[in-house]
Undergrad: 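The following block contains the structure, expressed as structure tokens.
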Number of protein chains: 2
Amino acid sequence: MKEAQERRRPQESGGARPGAAADGRAEVLAAAAQVFMERGYAATAIDDVADMLGSTKGRIYHYYRSKADLFLDVHAQAMQDLLEHVGPIAARSGLTPLERLRAMAKEHARIIMTTFAFQKAAVQGLERRLLSLSNTRQHREMRRIIEMRDTYEDLYAAVVEDGIGQGLFVRLPPRMATKPILGAVNWLNVWFEPGRAATPQQVEDIAVLLSDFVLRGMLPEGPARRR
Amino acid sequence: MKEAQERRRPQESGGARPGAAADGRAEVLAAAAQVFMERGYAATAIDDVADMLGSTKGRIYHYYRSKADLFLDVHAQAMQDLLEHVGPIAARSGLTPLERLRAMAKEHARIIMTTFAFQKAAVQGLERRLLSLSNTRQHREMRRIIEMRDTYEDLYAAVVEDGIGQGLFVRLPPRMATKPILGAVNWLNVWFEPGRAATPQQVEDIAVLLSDFVLRGMLPEGPARRR
DNA sequence: GTCTATAATTTGATAGAC
DNA sequence: GTCTATCAAATTATAGAC
């Protein structure tokens, strides 16, 4: 049974995206991200999102036609955040593949921690569950999101390939190498708790630890290391 | 009716755990793992599990009193599989921390790929969603599962600490170091598709790639490497 | 733009036949 | 041990008032 819960404010810790405008639609979106993060897509009732907003369903259905549309928008926003911030680093000139990979992973980690609700909701919903959308418009939007995700992975595959070509990285199939790289960082979505340990300094430390880890994961072992 | 205590091995394609016996309860459990994996906990209807079994609800409710109990058992089984297989490696004598960490991660990866339904269902349900179990018996079972998970992480923290003590690994807080290690491997639950790429050789290759990656992630960079 | 009220559907769980 | 039938609750989405 669903307990009566007091209404909370939107844009609580973890739910707010910095720079998110305060128009109605964005407020609804942020609240949805928060609740999807906490309960997952299927377990979230539209009424839960309304409660989070301190309003009723009417407000949500004014901006979104369905729960699936709402979720798709959260997911799209999450992917766009990644592409917007990591894309420029991937394209920046004057960096070695080492510096580039490290900077990309570090920024990725930072985005997860600072827009946690969106990222975590998106990762949870990455699933086949939504592939069964019969609605054409929704299905197109989902294809677009999957494309964004593939584009994002391409950024990593490219820097890996570059690093291998320059003899800096271990020789792995670039597409395969992106799996542990993204896995090590994306696992933040499972263990990170924005409530505690969310001072800027702690976020920075975690981002550095993770990005250094994945960089070392791509570096050949030093000759002086014993086995 | 109360629940039986013992559980045995299920035996389906994606949910296959090797060494299968075929009692009714285990069949139900394996089918549940399969469906939970595909749709997630909340989106799974008991009728879906019944369909997977080619039967009706009655069969499921004969063995389990609720959907939550069914899920808890899938989760417990997944954790037990990890502890049973990786625990002995963590305790084996005559291995350096390097060899030990690599063997542990490799076995972990292998278990994910060979008991995929159980592992993936468990990772998806790691969530806060189940923490709101009011039922006392279920709540106790959940505490037990969380304890298993903590115990499992301890295995990695211990070998990391050991390796740091011997000057083999980079100096990181052991608990923090386990995050990217487990993340790189557990990310398999997101991208691996047991349908394709599931020949024993491919499973082996992936396990080696991932375990080598996490090992390198813990090794200090060689002195001859340019930055 | 947001609310109340409600229709339509799904679903967890139980009872009792066989 | 499994099935059929059914209920009670929850939930998505809509209609129309304000």
Side-chain angles (χ1 to χ4, degrees), chain A residues 1-5 7-10 21-32 35-36 38-74 125 129-130 132-138, chain B residues 1-8 10 21-32 35-36 38-74 121 125 129-130 132-135 137-138:
Chain A
M1 179 155 51
K2 200 134 285 179
E3 69 292 354
Q5 51 184 23
R7 311 186 150 177
R8 285 183 283 174
R9 281 200 197 74
D23 61 298
R25 190 181 166 91
E27 253 181 89
V28 169
L29 190 63
V35 183
F36 284 146
E38 287 172 1
R39 312 168 84 97
Y41 174 77
T44 294
I46 297 283
D47 278 331
D48 296 334
V49 180
D51 284 348
M52 171 77 61
L53 285 165
S55 72
T56 67
K57 279 200 266 272
R59 183 145 157 216
I60 291 158
Y61 280 109
H62 175 68
Y63 293 105
Y64 289 95
R65 313 167 75 147
S66 74
K67 187 169 106 163
D69 285 311
L70 189 47
F71 179 79
L72 285 170
D73 210 13
V74 169
R129 177 184 326 159
L130 283 181
S132 55
L133 292 172
S134 44
N135 183 303
T136 306
R137 175 179 47 83
Q138 290 175 346
Chain B
M1 285 299 138
K2 42 86 238 301
E3 314 191 10
Q5 296 78 3
E6 52 123 29
R7 56 182 73 91
R8 208 128 296 171
D23 62 294
R25 190 182 166 90
E27 256 180 88
V28 170
L29 190 64
V35 183
F36 285 146
E38 288 170 1
R39 313 167 83 96
Y41 175 76
T44 294
I46 296 283
D47 280 330
D48 296 334
V49 180
D51 285 348
M52 170 78 51
L53 285 165
S55 73
T56 66
K57 279 201 264 270
R59 180 144 159 218
I60 292 158
Y61 280 107
H62 175 69
Y63 293 104
Y64 289 94
R65 32 161 87 174
S66 75
K67 186 169 107 164
D69 286 309
L70 190 47
F71 179 78
L72 285 171
D73 210 12
V74 169
R129 175 185 328 163
L130 283 181
S132 56
L133 292 173
S134 43
N135 182 302
R137 174 178 48 82
Q138 291 175 345

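Within every chain, numbering begins at 1; the chains are lettered A, B, ... in the order of the sequence lines, protein sequences first and strands thereafter.
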Undergrad: Taking atom C1' of D:dT14 as reference, at what distance in whole Å does atom NE2 of A:His62 sit?
TA: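 In whole Å, D:dT14 C1' and A:His62 NE2 are 15 Å from each other.
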Undergrad: Can you check the A:Tyr63 OH to C:dG1 C1' distance for me, whole Å?
TA: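 Roughly 7 Å, once rounded to whole Å.
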Undergrad: Just the rounded figure in Å: distance from P of D:dG1 to CG of B:Asp23.
TA: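 For the pair B:Asp23 CG and D:dG1 P, the rounded distance is 10 Å.
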Undergrad: Look at the aromatic rings of B:Tyr41 and B:Phe36 and report parallel, tilted or perpendicular, splitting at 30° and 60°.
TA: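 B:Tyr41 vs B:Phe36 ring planes: tilted.
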Undergrad: Going by the side-chain contact (heavy atoms from CB on, under 4.5 Å) test, name the single residue among A:Leu53, A:Asp47, A:Asp48, A:Ile46 that passes it with A:Val35.
TA: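 When side-chain contact (heavy atoms from CB on, under 4.5 Å) is applied between A:Val35 and each of A:Leu53, A:Asp47, A:Asp48, A:Ile46, only A:Asp48 qualifies.
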Undergrad: Please enumerate all residues that pass side chain to side chain contact (heavy atoms under 4.5 Å, CB included) together with A:Tyr64, with sequence neighbours excluded.
TA: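 Scan of A:Tyr64 (side chain to side chain contact (heavy atoms under 4.5 Å, CB included), adjacent residues dropped) gives A:Arg25, A:Val28, A:Leu29, A:Asp69, A:Leu70, A:Asp73.
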Undergrad: Specify the closest pair of heavy atoms between A:Val74 and A:Ala32, including all atoms of both residues, with the distance to one decimal.
TA: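 Residues A:Val74 and A:Ala32, closest heavy atoms: CG2-CB, 4.3 Å.
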Undergrad: Whole angstrom is fine here: how far is it from CG in A:Leu53 over to P in C:dG1?
TA: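 So the two atoms are 15 Å apart, to the nearest Å.
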Undergrad: Provide, to the nearest angstrom, the distance between the OH atom belonging to A:Tyr64 and the P atom belonging to C:dG1.
TA: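 Those two atoms, OH and P, are 14 Å apart.
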Undergrad: Nearest 0.5 angstrom please: A:Ile60 CD1 to A:Ser66 OG, how far?
TA: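 Those atoms lie 12.0 Å apart.
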Undergrad: Heavy atoms under 4.0 Å is the rule here; annotate nucleotides 4-14 of chain C 5' to 3' with B where the base is hit, S where only the sugar-phosphate is, and - elsewhere.
TA: B-------BBB
Undergrad: Once side-chain hydrogen bond (donor to acceptor under 3.5 Å, both in side chains) is applied, do any residues pair with A:Lys67, and if so which ones, sequence neighbours excluded?
TA: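 So A:Lys67 forms no side-chain hydrogen bond (donor to acceptor under 3.5 Å, both in side chains) with any residue.
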